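Here the structure is laid out as structure tokens; the discussion comes afterwards.
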Amino acid sequence: MSQYFRIAKILSEQPIGQAVEIKGWIRTRRDSKGFSFLEVNDGSCVANLQVIAEENLPRYADDILRLTTGCSVRISGLLAASPAKGQAVELKATEVEVYGWADPEAYPLQKKRHSFEFLREIAHLRPRTNSLGAVARVRSALSFAVHRFFQEQGFQYIHTPIITTSDCEGAGEMFTVTTLDLNNVPRKDGRPDFSQDFFGRQANLTVSGQLEAEIYCLALGNVYTFGPTFRAENSNTSRHLAEFWMIEPEMAFCDLSQDMQVAEAFIKYLVQYVLDHCPDEIELFTNFVDKGLKARLATVLEQNFAKITYTEAIDRLTSCDRTFNFPVAWGADLQSEHERYLCEEVFKRPLIVSDYPKSIKPFYMRVNDDNTTVAAMDILVPGIGEIIGGSQREERYDNLVSRIEEMGLNPEEYDWYLDLRRYGTIPHAGFGLGFERLIQFVSGMANIREVIPFPRTPGSAAL
RNA sequence: UCCUGGGUAGCUCAGUCGGUAGAGCAGGUGACUGUUAAUCACCCUGUCGGGGGUUCGAAUCCCUCCCCGGGAGCCA
């Protein structure tokens with residue numbers, strides 16, 4: 001009686017001499033005199049298991065010689081040491097059952113490499129490829145590692161709402177959630193009358209769970225969120241999605257420097273976790289996607305992140321002999337080219353830029369003693385750019401009110417948020433990490449559409 | 001949204017001066033072989049992104065729309 005194994009387990013444990021059973025999909029078939037080689041992948045790992053199917057097997061001519069890329073099979077047999085180079089073990093089949101055929105004339109996946117653009121058009125089949133399958137396993141491993149990092153340190157996981165009625169950040173374009181009849185929208189003063197809508201008011205998909213996370217931070221202490229986030233921005237780039245996953249820790253009794261320490265430790269923990277748990281995937285990415293990946297991940301672990309203030313960054317940029325397309329001036333936000341220059345050419349490692357002018361940052365960031373900068377920090381990473389944005393939050397009631405007013409917002413709409421400062425306010429800080437950008441950084445994948453199973457971008461939402 | 005480069009066989013691409021379309025891979029058939037991006041021979045495959053225009057004639061020139069890549073803005 002043979003025992004069912006995932007292929008990953010067979011390759012790691014190598015139970016030679018044992019009767020085993022595998023289930024998976026054919027990658028290729030090569031015929032030889034008197035037998036065929038089958039490469040079977042079951043999604044448990046990068047590697048395939050080589051199966052030897054001899055011509056005396058039942059239905060050899062009818063089934064085995066018809067197997068092509070994509071067919072699903074159950075195979076049992078005896079695991080043996082492989083006499084040839086290329087693999088340590090192979091399965092000598094005693095039984096091959098075909099679950100499902102895949103017409104080779106019609107099946108889009110071939111045994112050669114495809115462009116990522118083409119694979120994107122077949123989102124339902126692309127996880128069957130080596131690279132997209134590897135991305136999916138890395139994404140799963142990183143998700144687990146995110147929870148493990150925070151849970152090990154006593155953070156509470158908070159489910160902040162996906163449908164929200166607070167438009168607190170004010171900046172990002174939001175998706176509206178409605179059950180109003182779009183062919184006959186009730187109107188009041190020329191505008192849609194959301195008082196007749198499902199929630200009795202306008203509701204949107206969340207752009208960030210931060211403000212809600214702060215509520216629980218000021219009750220439970222350290223908390224984090226990890227969930228989907230939505231931006232209706234018309235941005236068409238290799239690092240933006242309309243639906244993406246964000247991790248937002250919020251830490252009680254925490255200042256900006258502690259915030260930076262946690263963020264750096266977090267990124268290093270995640271990189272280390274993937275190197276430990278997905279070495280074959282990292283090897284695949286390094287060989288076929290990004291030659292410099294392994295070396296870059298190693299330097300992330302070895303070195304401390306570089307740290308400069310915004311003001312120092314401006315000094316560096318104005319005093320260097322480089323000419324930029326965009327002017328460098330104190331008070332203006334750093335452009336991509338500026339960030340890339342500092343991160344990739346000056347420091348050549350992750351870079352934390354802190355203490356930005358308050359005029360270019362949101363109202364909730366804590367104003368520094370100079371009254372012109374805020375306790376904010378961005379972490380820039382080579383090849384990706386900004387991967388984390390965080391800050392110490394303004395915990396002083398009066399300062400927060402005047403910042404809200406300065407930004408032209410209405411304090412009445414932030415009454416619940418101000419309550420957190422009216423009653424038992426505490427110093428606290430947090431940051432947001434874009435999960436897909438993290439996966440890009442760790443996998444070397446150039447386009448963010450390859451690191452989420454079903455990418456949503458302007459004009460595109462397959463499945 | 002802006003700048004820029006593309007869209008030709010199932011996939012990746014070539015296509016000269018405007019003259020009526022080709023290669024590699026995949027697929028099919030056969031040969032060979034402990035193979036592993038197998039190899040060799042032969043065969044099949046086209047709305048040249050859509051629409052309009054110029055021309056005797058358009059993959060090629062012009063207009064327009066759609067889609068994709070790269071860069072930028074916004075950000076995570």
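This one's a predicted model, so the numbers in the text were calculated from it and none came from an experiment. Lettering follows sequence order; numbering is per chain, from 1.
For the pair A:S44 (side chain) and A:A8 (backbone), a donor-acceptor distance under 3.5 Å is present. Between the side chain of A:E394 and the main chain of A:V367, a donor-acceptor pair closer than 3.5 Å is present.
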Margin query: Under the criterion ring pair (Phe, Tyr, Trp, His ring centres under 6.0 Å), I'd like the reasoning laid out for A:F347 against A:F305: C-alpha separation, chi angles, the key distance, then a yes or no.
Written below: CA-CA 9 Å; A:F347 292 102; A:F305 291 8; over 10 Å; no

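Here A:W245 pairs with A:F226 under the ring-ring contact (aromatic ring centres under 6.0 Å, His included) rule; sequence neighbours left out. For the side chain to side chain donor-acceptor pair (under 3.5 Å) test, residues two or more places apart in sequence or in another chain that qualify with A:E406 are A:R403. Residues forming a ring-ring contact (aromatic ring centres under 6.0 Å, His included) with A:F175 (at least two apart in sequence, or on another chain): none. With sequence neighbours left out, A:F441 forms a ring-ring contact (aromatic ring centres under 6.0 Å, His included) with no residue at all. With sequence neighbours left out, the ring-ring contact (aromatic ring centres under 6.0 Å, His included) criterion links A:F244 to no other residue.
Across residues 89-97 of chain A, A:E90, A:K92 each have a non-hydrogen atom less than 4.0 Å from an atom of RNA chain B (numbered order). Within residues 451-463 of chain A, no residue places a heavy atom under 4.0 Å from RNA chain B. Of all the residues in residues 19-44 of chain A, A:R30, A:D31, A:S32, A:K33, A:F35, A:F37, A:E39 reach under 4.0 Å from RNA chain B with at least one non-hydrogen atom. Contacts between residues 327-352 of chain A and RNA chain B, defined by a heavy-atom separation below 4.0 Å, involve A:Q335, A:S336, listed by number. Taking a 4.0 Å limit (strictly below) on heavy-atom distances, residues 99-114 of chain A reaches RNA chain B at A:P104, A:E105, A:Q110, A:K111, A:K112, A:H114.
Here B:rG71 presents its P atom at 12 Å from NE2 of A:H240, a figure rounded to the nearest Å. B:rG73 atom C1' lies 18 Å from atom CZ of A:F324, rounded to whole Å. Nucleotide B:rC75 holds its P atom 21 Å from the CD atom of A:E243, rounded to whole Å. Going from atom CG of A:N234 over to atom C1' of B:rC75 covers 14 Å, rounded to whole Å. Atoms NZ (A:K361) and C1' (B:rC74) sit 12 Å apart, rounded to a whole Å.
The nucleotide B:rU1 finds its pairing partner in B:rA72, both defining distances of the Watson-Crick or G-U wobble pair being shorter than 3.5 Å. Nucleotide B:rU55: unpaired (no Watson-Crick or G-U wobble partner with both distances less than 3.5 Å). Under the Watson-Crick or G-U wobble criterion, with both distances below 3.5 Å, B:rU12 is paired with B:rA23. Using the Watson-Crick or G-U wobble rule with both distances under 3.5 Å, B:rU39 pairs with B:rA31.
Straight-line distance between the C1' atoms of B:rG30 and B:rU47: roughly 34 Å, to the nearest whole Å. On the P atoms, B:rC44 is 16 Å away from B:rG28, given to the nearest whole Å.
Where A:G432 and A:E121 meet RNA chain B, the nucleotide closest to each residue was compared, and A:E121 sits on the side nearer the 5' end.
When heavy atoms are screened at a 4.0 angstrom cut-off, A:N48 is found touching no nucleic acid atom at all. Nucleic acid contact class of A:E436 (heavy atoms, under 4.0 Å, all strands): none. Contact annotation for A:S82: base contact, defined as any heavy-atom pair under 4.0 Å involving a base atom. Within the nucleic acid shown, A:L241 comes within 4.0 Å of at least one base atom, counting heavy atoms only.
Residue pairs meeting the side chain to side chain donor-acceptor pair (under 3.5 Å) criterion with at least one partner in residues 132-142 of chain A, sequence neighbours excluded, are A:R137-A:E281, A:R139-A:E436.
Between A:F118 and A:H114, the angle of the ring planes lies from 30° to 60°, which puts this pair in the tilted group. Relative orientation of the A:F150 and A:F266 rings is tilted, given thresholds of 30° and 60° on the angle between their planes.
Nearest heavy atom pair, residue A:S143 against residue A:F435, reads OG-CZ, 3.4 Å. Between A:G430 and A:D259, the shortest heavy-atom contact is O-OD2, 2.9 Å. Between A:E212 and A:T160 the shortest heavy-atom distance is CB-CG2, 3.7 Å. Across all non-hydrogen atoms, the minimal contact from A:P455 to A:R126 is CD-NH2, 3.5 Å.
Counted by atom type alone, A:Q87 and A:S82 present one or more donor-acceptor pairs between their side chains at under 3.5 Å. Side-chain atoms of A:N130 and A:R27 form a donor-acceptor pair, as typed in the model, at a separation below 3.5 Å.
You'll find the ring centres of A:H147 and A:F149 outside the 6.0 Å limit. Taking the ring centroids of A:H338 and A:F326, they lie at or beyond the 6.0 Å cut-off.
Here the straight-line distance linking atom CG of A:L49 with atom CD of A:E90 works out to 8.5 Å at 0.5 Å rounding.
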Polar-atom pairs under 3.5 Å, protein N or O versus N or O of nucleotides 39-41 of chain B: list them with distances, or write none.
none

